[in-house]
Amino acid sequence: MLKKMLIVFFILIFTFVQSQDNYEVNYDLEKNYPQNYFQNPLDIPLVLAATFGELRTNHFHAGIDIKTQKREGLNVLAIAEGYVSRIKIQHWGYGKAIYVTHPNGYTSVYAHLKKFSPKIEAYVKKQQYAKESYEIQLFPKVNSIRLNKGELLALSGNTGGSTAAHLHFEIRDSKTEKIINPLLFGINVKDSTKPVIQSAFVYPLDDFTSVNNSNTLQKLQFTKQKNGDLLANKVFASGSIGLGIKSFDRLDEANNKNGLYKLEVFVNGQKYYQHKLETFSFAEGKYVNLLVDYSHKYYKHERIQKCFVVPNNKLSIYDDLINNGIISIQNGLTYTVEIVASDVKGNKTKLKIPIVGKEQGIAVTPTMAAGNIELYNKSGKTHYFKRNEFNTISKENVNVAIPKYSFYKDIDFEFSYKNGIANIHNGSVPMHKNFTLTFNVSSYTVAERKKLFIAKVKKNGQLSYTYTKRKEQKLYTNTKKLGNYKLASDYVKPTITPKNFKNGQWLTANKTLKIRVNDDLTGVKNYRATIDGKWILMEYEPKTGMLTYDFSDKKFIEAKHTLKIVVSDQVKNTKTYIATFYRKK
Ligand SMILES: [Zn+2]
């Protein structure tokens, strides 16, 4: 009995010591996620071009971007056994993407693919021909397309919104669809390089706060210490302040500026703020615009991440907050503030900021609150819009309607309508919901109306098409982008240019038909290609305007064939191209 008890006791001790040890080594890795269950999705060492949770406009990067040696066509492998639960092909976004559901409760996602493995490719093409569409979304039945761990599922590519060849890879919780940092599953990436803190800022957070004799955003001066940590010059302040940094993480073997994993602030040794990019839901993505100083990004083109939480920010990534990370500086006291930036491997860079509480005269006239850079640009007539009310403005034939809770705070909203341009505030304000911009076009003829669209007027004066809907005598659009808009017309047809063949040729040796399509103002909306009257699948790559037909899709019995392509833009200007070619196989 005693012997048994001793054994149990030793097992308990051993387990306790071991888990303590793991706790010390890496809390996140051991806490929630299965280790060594998933393998790498590529059969090359993983080098990243982007980390999980990188701060982008309107969203966090939902996966990791894995470099593919600057080329397409690398083998993409199932990271564990499972079945293909979803296949999506879209012109932009993820391009060609596969979702694999695994028995352990997670789903892996592989995007920007060039081509699927033969068995998946055959299944997808059959559906594309049935639906006569390149863009498609499929949900294969459970276990109908099974994959073993390490089985080839696709070739890597550059489809969709991708701007260079890479694999975008995600791991999601299959039930909640929450995305989880793939590096927490033991998928290994070399990283012994510390994050870089490029600059640091102090935000005075009310009218009476002073920071170094000012009430506006203050950039700090700092120097690098021998141990690699940073030390800022003494800051004199009184009142409520918040901190912000510009920072990135570099991994080994790559030059890309990646995102941090964790950001913490300590005040006199006590943690005041932490956010961590472990997991989040797609629904909370827009709140990234409150973590980042959105107006500073708009005016100064640099991305400051705030180390304090502003009102109405519903992000789930925060922990251990004291007073939302806002530090109250009292006259006569001194503070040691430390900002710690970490990557997922635990490499850290620390910035120490000594703060002396000292009441000062404020040299600059107080603004509403520092960091409200939109006030720099306050001009013309503004309307005070409350966040919790429906707001609308009309002038002549223009109406702007803004739903409740579109803004994160009440704002002085600019609006004017002059020389046909509707100035709808400016892009410095993040929007949580779409507003509706409506132009009444009853003064135009019916024929003119058909070619009209709503254009965004960019800073450089260029026009860009905004998805325009039509109802009776009105054109309208739903968008989150504030700025300048006008009505414009498009009477120009798209162009269609054959790239690898000429009319009347024998094409027996060709593997593909390539045709470039282009439309200048509103862009290509529809394309339809047929050979001898039957629909053919042309894969459309909107970045290059290339349409590609794969001759292996169909065998030809007769020799002479007619190719017909019809392309329309957003306002239905339509171009038709017809060619004859010869091929007998
Ligand atoms: Zn990506």
Side-chain angles (χ1 to χ4, degrees), residues 38 40-42 44-79 86-100 106-116 135 137 153-173 177-185 187-191 248-251 253-261 276-289 291-292 303 305 317 343-344 541-543:
F38 295 127
N40 290 347
L42 296 174
I44 55 167
L46 298 189
V47 181
L48 301 192
T51 49
F52 180 81
E54 276 184 24
L55 313 174
R56 308 255 166 104
T57 301
N58 300 322
H59 68 282
F60 293 89
H61 186 227
I64 54 175
D65 286 348
I66 306 171
K67 291 183 176 237
T68 51
Q69 305 176 332
K70 297 191 171 146
R71 57 203 172 96
E72 301 182 23
L74 268 58
N75 290 340
V76 178
L77 313 172
I79 59 167
R86 183 176 173 195
I87 299 166
K88 190 171 183 184
I89 300 178
Q90 52 185 152
H91 293 144
W92 294 104
Y94 283 11
K96 295 187 186 182
I98 290 195
Y99 298 65
V100 180
Y106 296 97
T107 297
S108 53
V109 183
Y110 314 78
H112 309 308
L113 304 169
K114 179 188 177 72
K115 202 176 165 64
F116 303 118
E135 289 194 301
Q137 175 153 238
L153 62 85
L155 298 178
S156 69
N158 187 30
T159 53
S162 169
T163 51
H166 75 279
L167 174 69
H168 172 95
F169 173 72
E170 295 175 14
I171 296 181
R172 299 184 185 178
D173 182 305
E177 292 252 333
K178 277 185 91 175
I179 330 112
I180 303 156
N181 193 329
L183 300 185
L184 300 177
F185 292 83
I187 290 174
N188 202 24
V189 172
K190 275 192 192 163
D191 185 6
F248 63 85
D249 182 41
R250 200 159 263 159
L251 280 61
E253 294 162 8
N255 261 326
N256 304 70
K257 292 179 176 176
N258 294 303
L260 301 176
Y261 176 63
K276 193 171 61 174
L277 291 155
E278 174 189 336
T279 181
F280 51 81
S281 67
F282 282 100
E284 62 187 291
K286 273 175 281 185
Y287 293 106
V288 74
N289 295 334
L291 168 58
V292 168
R303 188 180 269 127
Q305 39 190 317
I317 61 173
D343 62 26
V344 76
E541 178 51 67
K543 294 193 290 277

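Every number for a ligand or one of its atoms is a count from 1 in the order of the listing.
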Residue set satisfying salt bridge (charged side-chain N to carboxylate O under 4.0 Å, His left out) with E135, at least two apart, ordered chain then number -> none
Contacts of T68 meeting side chain to side chain donor-acceptor pair (under 3.5 Å) (sequence neighbours excluded), chain-then-number -> none
On a heavy-atom basis, the closest approach of I66 and P41 is CD1-CG, 3.7 Å
Counting only protein N, O or S atoms (no waters) closer than 2.8 Å to the Zn ion (ligand 1) gives 3
Residue set satisfying side chain to side chain donor-acceptor pair (under 3.5 Å) with S281, at least two apart, ordered chain then number -> E284
Can you confirm whether or not the ring centre of Y287 sits under 6.0 Å from the ring centre of F60? no
When rounded to the nearest 0.5 Å, the distance separating CD of E253 from CG of L48 is 10.5 Å
